[in-house]
Protein chains: 4
Amino acid sequence: MRNCHSPSSERRQQFMDAAIELASQRGYEGATIKLIAEKCNVTVGTIYHYFKNKEDLFRQAVQERAFTSILATLLNDIDELPIEKGLFLVAQGFLKVIREAGMLVSIFISESVHNHEIGTIYADMISQNRQMMQAYLDKKIHTGQLGAIDTAVAVQIFFGHFFMAYFHKELLKMDNLPDIDETFVLNSVNLFLRSWQQEGTHV
Amino acid sequence: MRNCHSPSSERRQQFMDAAIELASQRGYEGATIKLIAEKCNVTVGTIYHYFKNKEDLFRQAVQERAFTSILATLLNDIDELPIEKGLFLVAQGFLKVIREAGMLVSIFISESVHNHEIGTIYADMISQNRQMMQAYLDKKIHTGQLGAIDTAVAVQIFFGHFFMAYFHKELLKMDNLPDIDETFVLNSVNLFLRSWQQEGTHV
Amino acid sequence: MRNCHSPSSERRQQFMDAAIELASQRGYEGATIKLIAEKCNVTVGTIYHYFKNKEDLFRQAVQERAFTSILATLLNDIDELPIEKGLFLVAQGFLKVIREAGMLVSIFISESVHNHEIGTIYADMISQNRQMMQAYLDKKIHTGQLGAIDTAVAVQIFFGHFFMAYFHKELLKMDNLPDIDETFVLNSVNLFLRSWQQEGTHV
Amino acid sequence: MRNCHSPSSERRQQFMDAAIELASQRGYEGATIKLIAEKCNVTVGTIYHYFKNKEDLFRQAVQERAFTSILATLLNDIDELPIEKGLFLVAQGFLKVIREAGMLVSIFISESVHNHEIGTIYADMISQNRQMMQAYLDKKIHTGQLGAIDTAVAVQIFFGHFFMAYFHKELLKMDNLPDIDETFVLNSVNLFLRSWQQEGTHV
DNA sequence: AATGAATGAGTATTCATTCAT
DNA sequence: AATGAATGAATACTCATTCAT
């Protein structure tokens, strides 16, 4: 008995999926209503039966697909593990999520700068993830597994690194960069946790 | 004696500046030729007197403004300094450069994904900077100032962090993030060089 | 139940008619989409709802209106008649057809030289007509009504003459030329069939 | 001491040549002032120094190149020859002239329909040639070499045939047509002079 | 719910022409 | 005589959106 405006209507989902896929390939402007309609084998009018306008379609599509809660589960699972293992698993989980949401990542990256609405959704998502992660690190300092580091900056370093690595290697296909595999994640975590300087060199 | 096609013609520069500025605010598609012309108080035809087409205008504008050589000078200047001071100065220099080229950074970020040409220019620039920085770090390992770290990944971490910090804080204006000032850079460099773990904790 | 892309849609026909008429008056370039739209009291967008682009509109319009089969019927009808009568009727029929398709003739003449697509359509049409006519003449040689003439050249002379006469007199309005009426056709057929030379003069 | 507006200025000629050549390849609209200027290694402004506007340039170019007097000389030369030989030489001469003026022929054909000015120049040229040829044929009737044919129509047949043959074969490159060589001309003249009907068949 | 015809404002691009130098 | 920067109007084409059916 659910009508076309119900958020869970199958048709609605289909339109939003098509919109996201096309926008990830061709940008927001390149994802025209006509293309979205064709991809779903309907006519343009039908899209407007489900969404007020193009902006409405995209706002809802992006919002519904933004990933947040996965990190919460993940951080809960690893709570007891040693920090190396924990960070390794968080990094792996983070990469898995952004790989799966690859199309969304493209849109966030390219639209956030100019589209304030999408920028806000992106910023909120980032912010939530950051806070959870920071809480995790703070706890690890409390339990003595980490030194008295600036966790706000540490979180930025952590997510920033894996995000950029993914962006450059897998979105922009820069091929003279290392593959983002288990080794890469291990090396990265090591570089975070251990001193870059010679042991004993730093004060 | 210089004609309109000379790259150093003042008018050309004016058009390219306007193009970059508008595109940084509204994206490539949003930076219409008409807007660019109006900003420069000429008619659209005039733009086409100087550039073959919109793509040509942007290719030249972006290419001419891409920042590369600054890092070379910088790395040369800090060659003799201790690693902490060196990394601090490189980070400061890097931030200064991307701040000055802020509009260009917006364009790179938002266009690289869909515009292959701009993607290539961006990738080349990144690649050059990475190589120079990696050579610097390798040398520091040789001289014993750094441990035997994976410099390829270290370089990614280093630039990735400052780039993302700038992107989030100064482009997307996420205000619950720390200001990117001297303290922030110092903290970041410390987090790179020193172990995140308690002294003596790691093997 | 027929949609806009059905070739028999009334609107489509209207657009194609307007396109042909305007092009016959002002040439292909002069027949702008805006003019065609105005002539049909619609906006430019509507034209593009029916045709992919200007070339598509004209290709379909020209192709659909190209006259070929009329000659086949005609030649069949006159099969039994004496050759003088037959050629007279074919000439009359040919003139009737190109008069009715007058606008199309203008387009063929003026566009064939530079527009390869239209050139091909025109050439094909000419070629088909020529072949049918040549078969007719060959048959007349067989039955002894014509001498052993070069029918390929005879066909060129026949159609070429009436076409040029129409072109000069009725398209270019050269008024010091004879009217293209029954007498003209009779005279022409006589000049083909009978010797230009004095009877008995030629070997 | 001749200035730039003197009709015989070398520059003027160069511009008109370029205009005709480009228009024969791309049509009047396709022959832009910029292209003409480039072909002559000058800038657009220079063209306007020599001609009032584009129309002026083309009017003068076409008028100056129209071929008329050649036929007069030719007809004079063949006055004494037998009619077969005479018509053969006129046809050869006519083909030579339109081949040499091929670019002009393209322009006449494609522009005469829509461009009244060029249409007039073309019509005048045709008319003069026709009158001379008709006088020649009338004389041949007087001397008894030709029967009492309608020379106005005969002239149309004669020139019309060779013109169409040239247009189809050499301008439109219809390749299933006979080559326009000596044999073709001979065959054509024979078909004019001799009866298409079996000897003795016609009354 | 769905169609698809129609709109109107916009976009890149072209081009004949002018004019100060 | 020649330049080339500048104009402004035009051109093909696109697209989000509306609406009668």
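In the text below, chain A, chain B and the rest are named by the order of the sequence lines, each starting its count at 1. The figures here come from the full heavy-atom set of this structure, side chains too, leaving out hydrogens, waters and symmetry mates.
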*Asks:* Give me the atom names and distance for the closest heavy-atom approach of C:Ile20 to C:Ile107.
*Replies:* O-CD1, 3.5 Å
*Asks:* Checking contacts here: which listed nucleotide (E:dA16, F:dG4, E:dG4) is nearest the side-chain heavy atoms of A:Val44?
*Replies:*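 Comparing E:dA16, F:dG4, E:dG4 against the side chain of A:Val44, the answer is E:dG4.
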*Asks:* Among F:dA2, F:dT7, E:dT3, which is the nearest nucleotide to the side chain of B:Thr43?
*Replies:*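 Minimum distance to the B:Thr43 side chain belongs to F:dT7.
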*Asks:* Distance check needed: F:dT7 P versus B:Lys34 NZ, whole Å only.
*Replies:*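 It works out to 15 Å between those atoms.
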*Asks:* Would you classify D:Val42 as touching base, sugar-phosphate or nothing, given that sugar-phosphate means primed atoms plus P, OP1 and OP2, and contacts are heavy atoms under 4.0 Å?
*Replies:*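 Sugar-phosphate, backbone atoms only, no base.
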*Asks:* Taking all heavy atoms of D:His114 and all of C:Ala23, pick out the closest pair and write down the distance.
*Replies:*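 Of all heavy-atom pairs spanning D:His114 and C:Ala23, the closest is NE2-O, 3.4 Å.
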*Asks:* Give a yes or no answer on whether the side chain of A:Arg65 reaches the backbone of A:Ala101 with a donor-acceptor pair at less than 3.5 Å.
*Replies:* no
*Asks:* Separation of D:Tyr28 atom OH from E:dC15 atom C1', in whole Å?
*Replies:*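 Rounding to the nearest Å, OH of D:Tyr28 and C1' of E:dC15 are 12 Å apart.
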*Asks:* Separation of A:Asn53 atom CG from F:dA16 atom P, in whole Å?
*Replies:* 11 Å
*Asks:* Starting from P on F:dT11, measure out to CD1 on C:Ile36 and report it in whole angstrom.
*Replies:*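 The distance from CD1 of C:Ile36 to P of F:dT11 comes to 11 Å, rounded to the nearest Å.
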*Asks:* Is there a donor-acceptor contact under 3.5 Å from the side chain of B:Ser112 to the main chain of B:Ile109?
*Replies:*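 Not confirmed, B:Ser112 side chain does not pair with B:Ile109 backbone.
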*Asks:* Do you know the tightest heavy-atom contact between C:Met16 and C:Gln60?
*Replies:*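 Minimum heavy-atom separation between C:Met16 and C:Gln60: SD-C, 3.9 Å.
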*Asks:* With a non-hydrogen cut-off below 4.0 angstrom, is D:Thr32 in contact with a base, only sugar-phosphate, or nothing?
*Replies:*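 Here D:Thr32 touches the backbone only, sparing every base.
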*Asks:* Within less than 4.0 Å of OP1 or OP2 of E:dA5, is there a side-chain N or O belonging to C:Thr46?
*Replies:*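 Indeed not, no polar side-chain atom of C:Thr46 lies that close.
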*Asks:* If you pin B:Gly30 and C:Asn41 to their nearest nucleotides in DNA chain E, which one's is more 5'?
*Replies:* C:Asn41
*Asks:* Which comes earlier along DNA chain F counting from the 5' end, the contact point of C:Ile33 or that of B:Phe15, where each point is its nearest nucleotide?
*Replies:* B:Phe15
*Asks:* Let me know the distance between CZ of C:Arg12 and C1' of E:dG4, rounded to the nearest Å.
*Replies:* 15 Å
*Asks:* Report the base-pairing partner of F:dT21 (Watson-Crick or G-U wobble, both distances below 3.5 angstrom), or none.
*Replies:*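 Check on F:dT21: paired to E:dA2, both distances under 3.5 Å.
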*Asks:* Of all the choices, E:dA16, F:dT3, F:dA16, which nucleotide is nearest to the side chain of D:Lys54 once you look at every atom?
*Replies:* E:dA16
*Asks:* The side chain of C:Arg11 lies closest to which of these nucleotides: E:dA6, F:dT18, E:dA12?
*Replies:*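 The listed nucleotide nearest to C:Arg11's side chain is E:dA6.
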*Asks:* So, is C:His49 near the phosphate of E:dA6, with a side-chain N or O under 4.0 Å from OP1 or OP2?
*Replies:* no
*Asks:* Could you state the atom-to-atom distance from OH of C:Tyr50 to C1' of F:dA12 in whole Å?
*Replies:*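 It works out to 20 Å between those atoms.
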*Asks:* Once you round it to whole Å, what is the distance between C1' of F:dA5 and CD of B:Glu10?
*Replies:*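 It is 14 Å, rounded to the nearest whole Å.
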*Asks:* Looking at C:Tyr48, I'd like to know whether one of its side-chain N or O atoms comes within less than 4.0 Å of OP1 or OP2 on F:dT14.
*Replies:*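 Looking at the OP1 and OP2 atoms of F:dT14, neither is under 4.0 Å from any side-chain N or O of C:Tyr48.
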*Asks:* To the nearest Å, how far apart are D:Glu38 CD and F:dG4 P?
*Replies:*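 Computing the D:Glu38:CD to F:dG4:P distance gives 12 Å.
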